[in-house]
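Beneath this line is the structure, given in structure tokens, with notes to follow.
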Amino acid sequence: MSSFFRADLHCHTTASDGSETPEELVRHAAEIGLQGLSITDHDTVDAYSTAIPVAKILKFPLLTGVEFSTVFEKEAVHVLAYGFALTDPTISELVISQKKRREERNKKILSNLKKLGIEISEEELGTELNHTIGRPHIAMAMMKKGVIRSLREGFDRYLGEGKAAYDPGVRMDVQTALSQIKKAKAIAVLAHPHLVTRKKALRALFEMPFDGLECYYACMKKEAVQPFVDRAAVKGWIATGGSDYHGKIKPQIVLGASWVGEETFRKLYDHYQRNETQS
Ligand code: AMP
Ligand code: ZN
Ligand code: FE
Ligand code: FE
């Protein structure tokens, strides 16, 4: 087994709030010597329609993935799903319902901004059919108008949790996400557990039927990683990892900043191939 094997299991494209197109991202991953990748856009699998043909040409192992926005006791929780067949009807339903939830929430945020004298139309956020529109798109539209100078300022002043124009919307609860992911025969992973702010919530999440824990994450120190690796081992969960690459939107994070080795990637990739052949 090669010790140089690296697969990044968490990154975003222009199908959500990343700056590289799916095609660019797959090429980028191959160029820097990654040996596997999963694209985990927020609440959409749209990237795969253009990513898969490129991955085939380059013979680059691309694992299906998606990052669902959910809630647990008012706390935002991101759930990664891996290895589903792209034609899976449950995943398609989830993506559609998440899109509706986001549209409603975005309307509320735009209306809050309007009350603050900042007028942004839905059209200004982008109109690509199956792409996910999130707060970064709202922040970018605000930058274009000269209302703010950086994404950071947008989140700090208006869009971050509890800020002037924030609205959480009606989010899917984490338990529903888990049962639907199981129904789709996908692998459910709790994303960036270190970002769950309340210890009590994290303890409750550890009792839920996840299959994996995202232990390795961009810019995390070794000491911070170990408790999660231990937790995964105790639970019999897969320890996964990825950079959460967003391209220019989060320039401090490079593709491949966190990764998994060959054994973990194989396990997920084999699961994916079984689902694809059965679909
Ligand atoms: P949404 O999915 O619409 O709720 O937006 C959340 C996304 O916004 C996250 O996944 C990040 O990509 C991005 N984000 C969150 N906080 C910040 C921040 N302070 N600065 C820039 N981007 C952020
Ligand atoms: Zn994002
Ligand atoms: Fe996330
Ligand atoms: Fe992410």
Side-chain angles (χ1 to χ4, degrees), residues 8-20 25 37-45 47 65-72 74-82 95 98-110 112-113 120 122 125-126 131-143 148-172 174 177 188-197 205 212-220 240-258:
D8 190 332
L9 298 185
H10 191 154
C11 46
H12 297 267
T13 73
T14 48
S16 65
D17 55 2
S19 68
E20 286 171 22
L25 184 69
L37 186 78
S38 183
I39 298 173
T40 53
D41 275 311
H42 300 287
D43 301 310
T44 181
V45 294
V66 58
E67 182 176 26
F68 289 119
S69 296
T70 78
V71 67
F72 176 65
K74 294 196 178 152
E75 174 115 23
V77 174
H78 286 180
V79 180
L80 295 157
Y82 293 112
V95 160
Q98 289 291 85
K99 187 182 166 73
K100 286 197 188 118
R101 288 174 192 274
R102 271 181 183 273
E103 279 168 0
E104 292 308 310
R105 183 204 64 168
N106 291 347
K107 276 196 184 97
K108 288 182 189 156
I109 294 177
L110 292 185
N112 291 344
L113 283 171
I120 290 169
E122 284 178 58
L125 305 182
H131 287 196
T132 293
I133 309 283
R135 285 178 285 163
H137 302 87
I138 301 176
M140 283 187 281
M142 290 167 79
M143 266 170 80
I148 50 167
R149 275 156 300 179
S150 64
L151 281 190
R152 170 127 200 215
E153 189 188 345
F155 275 87
D156 287 352
R157 287 180 61 191
Y158 300 102
L159 303 169
E161 254 181 83
K163 303 295 166 155
Y166 180 70
D167 192 302
V170 183
R171 295 174 285 193
M172 165 166 67
V174 66
V189 173
L190 176 60
H192 38 64
H194 63 293
L195 297 181
V196 175
T197 51
L205 288 164
L213 187 62
E214 191 177 49
C215 300
Y216 309 98
Y217 187 81
C219 313
M220 252 174 99
T240 75
S243 61
D244 209 357
Y245 181 68
H246 282 71
K248 276 188 273 184
I249 295 175
K250 290 186 182 174
Q252 71 280 19
I253 295 170
V254 297
L255 186 60
S258 284

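In listed order, ligands and their atoms are each counted from 1. Nothing fancy with the numbering, it's 1 onward along the sequence.
- Not a single N, O or S atom of His42, from either the backbone or the side chain, sits less than 2.8 Å from the Fe ion (ligand 3).
- Using a 4.0 Å cut-off between charged nitrogen and carboxylate oxygen, Asp43 and Arg102 count as a salt-bridge pair.
- For the atom pair Leu255 CG and Leu37 CG, the distance stands at 6.5 Å (nearest 0.5 Å).
- Under a 4.0 angstrom heavy-atom cut-off, Pro136 registers as being in contact with ligand 1.
- Between the Fe ion (ligand 3) and the N, O or S atoms of His78, the shortest distance is to ND1.
- Residue-ligand proximity, His246 to ligand 1, at heavy-atom distances under 4.0 Å covers atoms 12 (O).
- The angle Asp244:OD1 - the Fe ion (ligand 4) - His10:NE2 amounts to 80°, with values rounded to 10 degrees.
- Under a 3.5 Å cut-off, the side chain of His78 and the backbone N or O of Ala76 do not form any donor-acceptor pair.
- At a heavy-atom cutoff of 4.0 Å, ligand 1 is contacted by both the backbone and the side chain of Arg135.
- The shortest N or O to N or O distance between Arg102 and ligand 1 is under 3.5 Å.
- When hydrogens are left out, the protein atom nearest atom 19 (N) of ligand 1 is Phe155 CB, 3.4 Å; that is the closest non-hydrogen contact.
- In this structure, His12 has no heavy atom closer than 4.0 Å to ligand 1.
- Note: angle at the Fe ion (ligand 4), from OE1 of Glu67 to NE2 of His12, is 90° (rounded to 10 degrees).
- The distance from atom CD of Glu103 to atom CG of Leu125, rounded to the nearest 0.5 Å, is 11.0 Å.
- Side-chain contact between Lys99 and Thr132: absent, with no pair of heavy atoms (C-beta onward) separated by less than 4.5 Å.
- Taking the six-membered ring wherever Trp is involved, the centroid distance between the rings of Tyr217 and His194 falls below 6.0 Å.
- Glu161 places none of its side-chain heavy atoms less than 4.5 Å from the side chain of Phe155.
- Lys250 counts as a contact of ligand 1, since one of its heavy atoms falls under 4.0 Å from the ligand.
- Contacts between Arg105 and ligand 1, counted as non-hydrogen atom pairs separated by less than 4.0 Å, involve the side chain only.
- In summary, of the residues considered (His12, His10, Glu20), a side-chain hydrogen bond (donor to acceptor under 3.5 Å, both in side chains) with Tyr245 occurs for Glu20 alone.
- Distance check, rounded to the nearest 0.5 Å: OG of Ser16 to NE2 of His42 gives 5.0 Å.
- Per-residue contacts place Gly134 under 4.0 angstrom from the following atoms of ligand 1 (heavy atoms of the residue considered): 3 (O).
- With hydrogens left out, the protein atom closest to atom 12 (O) of ligand 1 is Asp17 OD2, 2.9 Å, a heavy atom.
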Pair Tyr158, Glu153 - check side-chain hydrogen bond (donor to acceptor under 3.5 Å, both in side chains), show working. CA-CA 8 Å; Tyr158 300 102; Glu153 189 188 345; over 6 Å; no

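- Considering both main-chain and side-chain atoms, His42 comes within under 3.5 Å of ligand 1 through a nitrogen or oxygen pair.
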